[in-house]
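Notes to accompany the following structure.
Each chain gets a letter, A, B and so on, in the order the sequences are listed, and its residues count up from 1.
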Number of protein chains: 2
Amino acid sequence: MQWTDGATDEQGVRERPFRVGDVPGLLWTPTGTRPRSLVLIGHGGASHKRSAYVVSLARRLVRHRGMAAVAIDGPNHGERHVGERDGKWLTAGIADQVVLEWQTVVDAVQALDQVGDTPVGYWGLSMGARFGVPLMAREPRIRAGVVGLSGPRKPEAPIAKAAAGVSCPVLVLLQWDDELVERAAVLALFDALGSTDKRMYVHVGRHQAVPPEAFDASEAFLSARLNGAAD
Amino acid sequence: MQWTDGATDEQGVRERPFRVGDVPGLLWTPTGTRPRSLVLIGHGGASHKRSAYVVSLARRLVRHRGMAAVAIDGPNHGERHVGERDGKWLTAGIADQVVLEWQTVVDAVQALDQVGDTPVGYWGLSMGARFGVPLMAREPRIRAGVVGLSGPRKPEAPIAKAAAGVSCPVLVLLQWDDELVERAAVLALFDALGSTDKRMYVHVGRHQAVPPEAFDASEAFLSARLNGAAD
């Protein structure tokens, strides 16, 4: 893990850019105290690690809940953008690659003295769910997740198979008027999840109109499951 | 409105049995202060105005949020039970009758010095939603509602037609493993609601296993919409 330029301290939140191998990321931690837990934030398609909703979610997790958060650019996104907007980078093995990238990043972040072996959660919608569900299925360190705005079009789709392997508590988010993802796909994802502790919150609005209530619920859910009932 | 025997004062909550015409009910108010708003609680089939979840919800609304709550026995339920368990009392006009009963009860409760013209909300699942959706559609005093565990089996069902006429904020509850009500019916109810401010929370479990989180969400939703953002 290599720190890169641009660290900031603002309102109790330290933000530090880093690289792990070829993967650029951002780490947010509370200044002065060790975080109680760590949330991985997987951005959606056409977004990146510094998109407004990613930074906003990360900062509120640190400020309100004493957690740490980390985001990385997905393949062909953010600093890793190589100009292919036609979807050719979305190969069959792309989810496997992203799972390995996240696992390497968790190794590196947990090895930091100022973070350590805290409980890990995941948050990601749309493309962030497409990669996050396989990650949750394979990575036992992840103890809670928020995913949504994605799901299988067919029962044999990879995300449906992966969902059955997820056992941690999950909150699923669905946008009722989503113009990109069918309601039935998100319902199928929820149904397929192997978790006994799962719930789904449905809000009105289109794909990119996820309301503040969904972020409030995300924060509360991750905090309750990772920091404990006392939070 | 006639008070009947059995009033109690406990932990800041005054509970008073009453009758309005032939309809027996219970009113819960804060002791010592006027309530900030009033929630009508419509019980489900085979329950009644003093079922545990009705009393529990009423008492938490009073204690946590300074609201009042009122419940009445539905036709053929509770003190109005006349022995017909075969559904013959479920006539085509039963919803109209229950709507009128609720409207008369709201008139009577709002006329009380200790309540007055406060904002009104509704809470009812299953049979409580079947009657509550037409009530919300016709009663402009109702400014927010929580319904669920019910919905149209066919698009021409009365509850579907009524739902389009609802315009107040609504939270819909769905039990994913409901053995009595199809998921598609509740999804259709949510879709049909005319409200622009609507959301749906889906929990796992069977019809009668509505979890504590659903009651937490009900309390928070009704309080935010009726008591205001400051609550």
Original post:
Is the count of non-hydrogen atoms from other residues, nucleotides or ligands lying under 6.0 Å from Q97(A) atom CD greater than 12?
Top reply: yes
Subject >> Pairing residues for A95(B) by the side-chain contact (heavy atoms from CB on, under 4.5 Å) criterion, not counting sequence neighbours >> reply: F131(B), P134(B)
Subject >> Ring geometry between W176(B) and F190(A) (parallel below 30°, tilted from 30 to 60°, perpendicular above 60°) >> reply: perpendicular
**OP:** Assess whether atom CZ of R34(A) is packed by more than 12 heavy atoms of other residues, nucleotides or ligands within 6.0 Å.
**Re:** yes
Which pairs would a plain distance check flag for residues 139-150 of chain A, meaning a side-chain donor or acceptor within less than 3.5 Å of a matching protein atom at least two apart in sequence or in another chain?
| residue | atom | partner | partner atom | Å |
| --- | --- | --- | --- | --- |
| E139(A) | OE1 | Q103(A) | NE2 | 2.9 |
| E139(A) | OE1 | R141(A) | NH2 | 3.3 |
| E139(A) | OE2 | R141(A) | N | 3.0 |
| E139(A) | OE2 | R141(A) | NE | 2.9 |
| R141(A) | NH1 | D107(A) | OD1 | 2.8 |
| R141(A) | NH2 | D107(A) | OD1 | 3.0 |

**OP:** Below 4.5 Å from any heavy atom of chain A, which atoms of L187(B) appear? Answer side chain, backbone, both or neither.
**Re:** both
Original post:
Is it the backbone or the side chain of D191(B) that comes under 4.5 Å from a heavy atom of chain A, or both, or neither?
Top reply: both
Original post:
With a cut-off of 6.0 Å (strictly less than), are more than 12 heavy atoms of other residues, nucleotides or ligands near CD of E182(A)?
Top reply: no
Subject >> Neighbours of chain B found in residues 202-218 of chain A - heavy atoms under 4.5 Å >> reply: V202(A), H203(A), V204(A), E213(A)
Original post:
Under the side-chain contact (heavy atoms from CB on, under 4.5 Å) test, which residues partner T31(B), sequence neighbours left out?
Top reply: D9(B), R14(B)
